[in-house]
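Below is one structure, written out as structure tokens, with a few remarks after it.
No experiment lies behind these values; they were computed from the predicted model shown. Each chain gets a letter, A, B and so on, in the order the sequences are listed, and its residues count up from 1.
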Number of protein chains: 2
Amino acid sequence: MMTETAELAPDPVSDRVLRSFAGYALKRASNAVQADLVRTLEPFGLRMITFTALLLIVENPDLSQTQLAGVLAVERSNLVTIVDELEQAGWIARGQSPRDRRSHALRATSAGERLCTAARRAVEAHEARLFSSIGADGKAMLVNALGLVENAGNKLPVGANSGAAR
Amino acid sequence: MMTETAELAPDPVSDRVLRSFAGYALKRASNAVQADLVRTLEPFGLRMITFTALLLIVENPDLSQTQLAGVLAVERSNLVTIVDELEQAGWIARGQSPRDRRSHALRATSAGERLCTAARRAVEAHEARLFSSIGADGKAMLVNALGLVENAGNKLPVGANSGAAR
DNA sequence: GATAATTGTTATATGCCATAACAATATCGC
DNA sequence: GCGATATTGTTATGGCATATAACAATTATC
């Protein structure tokens with residue numbers, strides 16, 4: 001939980017009280033991993049959201065914008081500029097859906113597929129670099145534990161209406 | 001890594017390709033924990049950032065805004081409205097620093113200390129609820145592993161200049 | 001004493017995210 | 001078959017978080 005603290009300041013105040021919360025450790029680790037991921041993707045001209053979108057389009061040719069928005073957990077209106085960015089860079093194309101003239105069929109271009117392959121390798125190297133410190137067994141346990149914690153977080157107390165976490 | 005996916009859509013596309021990344025699990029768990037924390041703090045009229053600020057002020061009476069901004073990892077300019085919010089609610093007060101007329105000495109009021117105690121208990125219950133699924137040993141291992149991953153994420157490759165993760 | 005740095009504040013810009021509204025199109029119910 | 005309803009993608013807009021710049025008052029340094 002909580003906001004993350006920086007590392008240096010005159011007369012720094014301890015974040016020891018925050019470190020008693022596992023949620024704080026979770027947030028700090030998540031932020032560090034994301035910051036490293038941002039640095040990893042920057043040379044490819046990709047942001048996290050555009051890399052994820054490209055990867056999903058490569059893996060699911062002809063998916064619609066509504067489907068992509070769903071799996072990315074973003075509003076359809078906010079997906080438009082994400083898809084625009086990938087299209088304008090020449091990495092994907094909006095095709096006509098054969099069954100529904102309202103829909104686009106999103107496909108990666110050859111350039112997009114090549115970029116995706118290269119970026120995915122870089123992301124896998126970023127993951128290997130960050131998670132090698134805890135070993136393969138440690139990583140498997142971490143991912144398993146995170147899944148349990150996520151499920152617990154998404155289970156609401158009695159009386160609360162369910163909603164997607166963000 | 002990556003953006004999180006929602007749970008329901010017509011013809012949903014699988015996020016299986018994303019689940020191969022541990023960073024994705026990390027982000028999903030972090031988002032679920034944060035969403036639950038937001039729900040936990042809402043009845044107290046606190047946001048995550050204001051709860052953390054209040055907790056730090058309670059634990060460190062007379063700290064300055066610059067110190068608080070440092071430990072919260074926010075810009076001094078953006079701390080102003082956070083402190084305003086706590087002050088206007090009557091939970092903290094900006095006092096004169098005895099040694100430096102530029103500085104404020106931030107202190108919690110009695111009401112602020114009581115609110116902090118109650119909110120902290122609720123946050124501890126939120127943590128217990130979310131992390132009980134992995135047990136005390138599992139939680140300790142998780143926090144340890146997260147620390148290692150965070151450290152690896154903050155270690156930059158040779159040639160990169162160091163910067164605070166966010 | 002002059003200069004530089006610090007503290008807190010204000011102003012501003014940008015990006016992200018949410019909501020509303022709409023045209024074109026598809027589906028549903030009668 | 002037709003009217004009502006829903007869906008898809010887009011545009012517009014507002015709020016929030018975050019970053020940067022500039023400034024006055026004050027402190028620290030040389």
Side-chain angles (χ1 to χ4, degrees), chain A residues 2-6 8-13 27 31 34-35 38 42 47-50 52-53 57 62-88 92-106 163-166, chain B residues 2-6 8-13 27 31 34-35 38 42 47-50 52-53 57 62-88 92-106 163-166:
Chain A
M2 280 118 177
T3 49
E4 181 189 12
T5 63
L8 35 79
D11 295 330
V13 159
K27 187 166 172 70
N31 285 350
Q34 282 190 79
V38 164
E42 194 272 330
R47 302 182 286 126
M48 199 178 320
I49 188 70
T50 48
T52 311
I57 293 168
D62 293 327
L63 87 172
S64 70
Q65 287 186 199
T66 292
Q67 287 176 305
L68 182 56
V71 74
L72 287 174
V74 302
E75 299 287 342
R76 297 190 324 270
S77 54
N78 296 326
L79 185 75
V80 175
T81 53
I82 293 167
V83 172
D84 282 350
E85 188 175 327
L86 291 171
E87 188 183 44
Q88 277 149 18
I92 70 158
R94 282 175 164 105
Q96 183 97 39
S97 170
R99 292 188 306 281
D100 187 336
R101 283 191 291 206
R102 296 169 302 177
S103 280
H104 296 309
L106 303 173
R166 174 75 177 84
Chain B
M2 280 121 179
T3 50
E4 180 188 12
T5 64
L8 36 78
D11 295 327
V13 160
K27 186 166 172 68
N31 286 350
Q34 282 189 79
V38 164
E42 194 271 330
R47 302 182 286 125
M48 200 179 320
I49 188 70
T50 48
T52 311
I57 292 167
D62 294 325
L63 85 174
S64 71
Q65 287 186 199
T66 293
Q67 287 177 305
L68 183 57
V71 74
L72 287 173
V74 302
E75 298 287 341
R76 296 190 324 266
S77 53
N78 296 327
L79 185 76
V80 175
T81 55
I82 293 166
V83 173
D84 282 349
E85 189 174 326
L86 292 171
E87 187 181 45
Q88 276 148 20
I92 69 159
R94 282 173 163 107
Q96 183 97 39
S97 170
R99 289 188 309 279
D100 188 335
R101 282 189 293 205
R102 297 169 299 178
S103 281
H104 296 310
L106 302 173
R166 176 76 177 83

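- Between B:Ser77 and D:dA21 there is no side-chain N or O to OP1 or OP2 distance below 4.0 Å.
- Computed from coordinates, the A:Glu75 CD to C:dG15 P distance equals 20 Å when rounded to whole Å.
- Contact check, A:Arg101 against D:dT8: no side-chain N or O comes under 4.0 Å of OP1 or OP2.
- Nearest-nucleotide positions on DNA chain C for A:Arg76 and B:Ala105 put B:Ala105 closer to the 5' end.
- Distance, B:Asn78 CG to C:dC16 P: 17 Å, rounded to whole Å.
- Rounded to whole Å, the distance from CG on A:Asp100 to P on C:dA26 is 5 Å.
- Summarising the geometry, the separation between CD on B:Glu87 and P on C:dG8 is reported as 13 Å, rounded to the nearest angstrom.
- The distance between atom CZ of B:Arg99 and atom C1' of C:dT6, rounded to the nearest whole Å, is 15 Å.
- Closest approach of A:Val13 and B:Leu63 over heavy atoms only: CG2-CD1, 3.8 Å.
- Remark: the B:Ser103 side chain and the C:dT6 base include no donor-acceptor N/O pair separated by less than 3.5 Å.
- As a whole-Å value, the separation of B:Gln65 CD from C:dT7 P is 11 Å.
- For the pair B:Asp84/B:Arg94, a side-chain contact is recorded, criterion being any heavy-atom separation below 4.5 Å from C-beta on.
- To the nearest angstrom, P of D:dT8 lies 13 Å from CG of A:Leu106.
- For A:Arg47 and C:dC16, the shortest distance from a side-chain N or O to OP1 or OP2 is below 4.0 Å.
- For A:Ala53 against A:Leu72, the heavy-atom pair with the smallest separation is CB-CD1, 4.0 Å.
- Closest-nucleotide positions on DNA chain D for A:Arg102 and B:Arg102 were compared, and the one nearer the 5' end corresponds to A:Arg102.
- Rounded to whole Å, atom C1' of D:dG9 lies 13 Å from atom CG of A:Leu68.
- Here the shortest heavy-atom pairing between A:Ala105 and A:Asp62 reads CB-OD1, 3.5 Å.
- If you check every strand for non-hydrogen atoms under 4.0 Å, A:Ser64 touches sugar and phosphate atoms only.
- You'll find the side chain of B:Arg47 stays beyond 4.5 Å of the side chain of B:Val38, heavy atoms only.
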